[in-house]
Amino acid sequence: MTGIRDLKYRQWFRGADVDGDGVITCQDVRLMGERYVAARDAAQQPATARRLVEGLEAFWTNVIAPMDQDGDGKVDLREMTEGFQRALADPALYPQQVGPVADCYFDLIDLDGDDKVDLKEFTEIFGLTGNVSSQDCAAVFNALDLDGSGGLDRAEYHRAVAEFFFGDDPDAPAVHLFGRITA
């Protein structure tokens, strides 16, 4: 485990603590999903919205909730960081642990349904819901667009999410996926 993962996890925690009370609860995870659904008006895509809600519930139940070391129904930054270090130790488990939720987010981000996320879509979702500046979004997007096509396909998106949660390279483009990290 490297310090870069701790920094990335801290940045993710900031976004996941939707109500800003310093802990993640089941309610935060629900609110996180609701804010993505609302940003994408996913009520018009009930199957995708349902998959996202189910995926986030499974993510809470199987990944986040077990991190609650003191049984208070809340996961603080220390518990989450230690829990991610344990739960997200094996990149081979990405398809089961993170992949389904990442697929739902991809479907919501891909507003025009062309199976690619362009810069506008990327900036809109991460800017509106992740509190990432448009400049940071553009820099991250351009670095993640490995083939220079102007859009992230599903494989590029999954590589970025996997790198964020499992990677140790401080210079990898996905380090700043959920906002610029600082030491």
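Positions are given from 1, in the same order as the sequence printed here.
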ask   = Which heavy-atom pair separates Gln11 from Ile181 by the least distance, and what is that distance?
value = CB-CG2, 3.6 Å

task = Quick one: which residue pairs count as a side chain to side chain donor-acceptor pair (under 3.5 Å) with a foot in residues 88-100, not counting sequence neighbours?
result = Tyr94-His158

remark   = residues 60-78 vs salt bridge (Lys or Arg N to Asp or Glu O under 4.0 Å), sequence neighbours excluded, gives Arg78-Glu82

Closest contact, heavy atoms only, Pro173 versus Leu144 = CB-CD2, 3.7 Å

key: Listed once per pair and sorted, the salt bridge (Lys or Arg N to Asp or Glu O under 4.0 Å) pairs that draw on residues 138-155, sequence neighbours left out   = Asp103-Arg154, Asp107-Arg154, Asp115-Arg154

Asp136: partners by side chain to side chain contact (heavy atoms under 4.5 Å, CB included), with sequence neighbours left out = Val132, Ser133, Arg180

ask   = Can you list the residues that meet the ring pair (Phe, Tyr, Trp, His ring centres under 6.0 Å) rule with Phe166, with sequence neighbours excluded?
value = none

Solution key, residues 20-30 side-chain donor-acceptor pairs under 3.5 Å, sequence neighbours excluded:
residue	atom	partner	partner atom	Å
Asp21	OD1	Val23	N	3.2
Thr25	OG1	Gln27	N	3.3
Thr25	OG1	Asp28	N	3.3
Thr25	OG1	Asp28	OD2	3.4
Asp28	OD1	Val18	N	3.1
Asp28	OD1	Asp19	N	3.1
Asp28	OD2	Thr25	N	3.0

Close side-chain approach of Leu177 and Phe122, heavy atoms under 4.5 Å = yes

ask   = Between atom CD of Glu121 and atom CZ of Phe141, what is the distance when rounded to the nearest 0.5 Å?
value = 8.5 Å

task = Give a yes or no on whether the backbone of Gly167 and the side-chain of Lys8 come within a donor-acceptor separation of less than 3.5 Å.
result = yes

remark   = What one should report as the nearest heavy-atom pair of Leu152 and Phe106 is O-CE1, 3.7 Å

key: Residues in side chain to side chain contact (heavy atoms under 4.5 Å, CB included) contact with Asp114, at least two apart in sequence or another chain   = Asp110, Asp112, Lys116

key: For Phe164 against Val175, the heavy-atom pair lying closest together   = CE1-O, 3.5 Å

note = Nearest heavy-atom approach of Met67 to Glu79 is O-CB, 3.4 Å

task = Report the residues that fulfil side chain to side chain contact (heavy atoms under 4.5 Å, CB included) with Leu77, sequence neighbours left out, ordered by chain and then residue number.
result = Arg10, Phe13, Met80, Thr81

request  = To the nearest 0.5 angstrom, please state how far the CG atom of Asp168 sits from the CD atom of Glu163.
outcome  = 8.0 Å

query = Taking the inter-plane angle between the rings of Phe84 and Tyr9 on a 0 to 90° scale, is it parallel (under 30°), tilted (30 to 60°) or perpendicular (over 60°)?
reply = perpendicular

ask   = Which heavy-atom pair separates Val63 from Ala87 by the least distance, and what is that distance?
value = CG1-CB, 4.4 Å

